[in-house]
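See structure below.
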Amino acid sequence: MPELPEVESVRRGVDEWTAGTTITGAEVLDPRILGTTSQRRIDASAVSGFVSAVTGAHILKAERRGKFMWLSLVEGADLSTADPVTSPVSRPELGILVHLGMSGQLRIHSPGEDIHRHTRAVLHLDSDRELRFVDQRIFGHIGVQPLVHGYGRLVPASAVHIAADPLEPAFDPEAVVGELAKKRTAIKAALLDQTLVSGIGNIYADEALFRAGVHPLAVPARTRKSRLVAVLESATKVMSDALAVGGTSFDALYVNVNGESGYFERSLTVYKKHGTPCKRCGTTIAREKIGGRSSHFCPRCQRRR
DNA sequence: ACGCCCGCCTGGACGC
DNA sequence: TGCGTCCAGGCGGGCG
């Protein structure tokens with residue numbers, strides 16, 4: 001389940017293998033991957049449009065905000081003759097946005113290696129490697145987009161509403177706590193709101209609330225700011241801890257570009273631990289649906305107030 | 001304006 | 001064994 005630590009692990013691998021390369025061609029094996037979650041009917045012109053837009057583009061680097069990742073591009077540039085004054089390569093205008101959704105993977109392969117049946121798109125690189133987007137459930141998507149300004153950075157247009165994540169310089173904890181304190185919904189739901197703070201998904205929301213000792217149904221507007229700060233700090237810490245070990249892999253659905261799993265599952269304290277004793281106090285971990293999502297918490301360490 | 005909930009997907013787990 | 005049903009979950013859109 002790719003949340004911030006998993007997407008960042010993937011981004012690092014993607015950057016290592018693709019930055020500085022040129023895209024020599026592309027294939028879209030399942031056009032639905034070009035759509036969004038609510039628009040999956042894609043016509044043939046979208047496929048040819050994607051292929052022609054990326055072919056010949058030069059990849060500057062792989063970037064990320066929250067769970068959104070993108071390759072910043074210089075379109076069709078011949079870098080050997082480019083004039084750095086008239087066409088500065090440090091100002092990309094386009095990006096290839098990739099969202100992994102639930103089950104998306106980006107994998108680096110050599111041409112000719114077996115194509116996994118869930119491979120939805122392939123970018124061929126001039127480094128004699130290819131970047132494959134594999135996605136069992138097609139909750140993810142890929143597409144070429146203009147880069148626009150959002151929260152102090154250039155980001156793909158469809159991610160402009162996504163807030164900064166806790167691991168980037170533009171993240172402003174005081175401003176986020178101020179916004180959070182206005183919310184009358186369950187704090188669990190607020191943590192999953194990517195327009196407030198990005199990168200937190202169901203796993204790290206539950207883990208952060210446990211670490212901060214806050215009940216998932218706590219209402220931010222009625223919670224002390226010091227406790228809201230604690231929740232945000234816990235979220236930042238738990239995602240940093242997870243990133244340090246390559247993220248969380250429950251099954252084969254999350255791996256990095258080289259197909260390797262992360263090791264944070266062994267450090268989870270509440271997520272999917274319902275029915276087992278709390279590591280801190282021994283009380284049985286509970287599971288409840290909150291905002292339509294399974295939420296796991298310790299009824300004693302995370303009392304409602 | 002804000003909060004909530006559905007639909008999009010596939011495959012694995014479960015019940016009969 | 002085999003079929004049907006439910007569940008997992010990020011996100012966008014549409015509803016109230």
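Proteins get letters first, then strands, A, B, ... in listed order; numbering begins at 1 in each.
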Within 6.0 Å of CG in Asn258(A), more than 12 heavy atoms from elsewhere
yes
Rounded to the nearest angstrom, tell me the gap between atom CE in Met102(A) and atom C1' in dC9(B).
10 Å
Check this one for me: any side-chain N or O of Arg117(A) less than 4.0 Å away from OP1 or OP2 of dT10(B)?
no
Is Gly201(A) touching bases, backbone alone, or none of the nucleic acid, heavy atoms closer than 4.0 Å?
sugar-phosphate
Taking 4.0 Å as the cut-off, does a side-chain nitrogen or oxygen of Ser103(A) come that near to OP1 or OP2 on dC9(B)?
no
Picking from dC11(C), dG3(B), dT10(B), the nucleotide nearest the side-chain atoms of Gln136(A) would be dT10(B)
Ser294(A), nearest nucleotide to its side chain (from dG11(B), dA8(C), dC11(C))
dA8(C)
So does His141(A) get a side-chain nitrogen or oxygen closer than 4.0 Å to the phosphate oxygens (OP1/OP2) of dC8(B)?
no
Measure from the side chain of His99(A), starting at C-beta and using heavy atoms only, and say which of dG12(C), dA8(C), dG10(C) lies closest.
dG10(C)
Can you figure out which of dT10(B), dG10(C), dG11(B) approaches the side chain of Arg137(A) most closely?
dT10(B)
Which nucleotide wins on minimum distance to the side chain of Lys289(A), given the candidates dG3(B), dG10(C), dA8(C)?
dA8(C)
Does a nitrogen or oxygen in the side chain of Gln194(A) sit under 4.0 Å from OP1 or OP2 of dC11(C)?
yes
Closest to the side chain of Asn202(A), out of dG3(B), dG10(C), dC11(C), is dG10(C)
Output the rounded distance in Å from NZ (Lys272(A)) to P (dC7(C)).
14 Å
Any luck finding a side-chain donor-acceptor pair between His58(A) and Thr22(A) under 3.5 Å?
yes
Output the pairing pattern of DNA chain B as a dot-bracket string, 5' first, Watson-Crick or G-U wobble with both distances under 3.5 Å, | for cross-strand pairs, [ ] for crossing pairs.
.|||||||||||||||
For a quick test of reading the model: is some side-chain N or O of His118(A) closer than 4.0 Å to OP1 or OP2 of dG11(B)?
yes
Return the value, rounded to whole Å, for the distance between atom CZ of Phe139(A) and atom P of dC9(B).
8 Å
Establish, from distance only, whether the side-chain atoms of Glu288(A) and Ser295(A) form a donor-acceptor pair under 3.5 Å.
no
Do we see a donor-acceptor contact under 3.5 Å between the side chains of Gln136(A) and His118(A)?
no
Length of the line joining Leu192(A):CG and dG12(C):P, which is rounded to integer Å
14 Å
OP1, OP2 of dG10(C) versus side-chain N and O of Arg293(A): anything below 4.0 Å?
yes
Could you point out which residue of Arg65(A), Arg64(A), Arg11(A) forms a salt bridge (charged side-chain N to carboxylate O under 4.0 Å, His left out) with Asp165(A)?
Arg64(A)
In this structure, how many angstroms lie between the C1' atom of dG10(C) and the CG atom of Leu100(A), rounded?
11 Å
Taking C-beta and beyond as the side chain, do Pro111(A) and Asp128(A) meet within less than 4.5 Å on heavy atoms?
yes
Report yes if a side-chain nitrogen or oxygen of Lys183(A) is closer than 4.0 Å to either non-bridging phosphate oxygen (OP1 or OP2) of dG3(B); otherwise report no.
yes
Atom CD1 of Ile290(A) to atom P of dC4(B): distance rounded to whole Å?
11 Å
Separation of Leu180(A) atom CG from dC2(B) atom P, in whole Å?
14 Å
Take the protein atom CG of Leu191(A) and the nucleotide atom C1' of dG3(B), then report the distance between them rounded to whole Å.
16 Å
So, for Pro31(A) and Val47(A), which heavy atoms are closest and what is the spacing to 0.1 Å?
CB-CG2, 3.9 Å
What distance separates Lys237(A) NZ from Leu232(A) CG, expressed to the nearest 0.5 Å?
15.5 Å
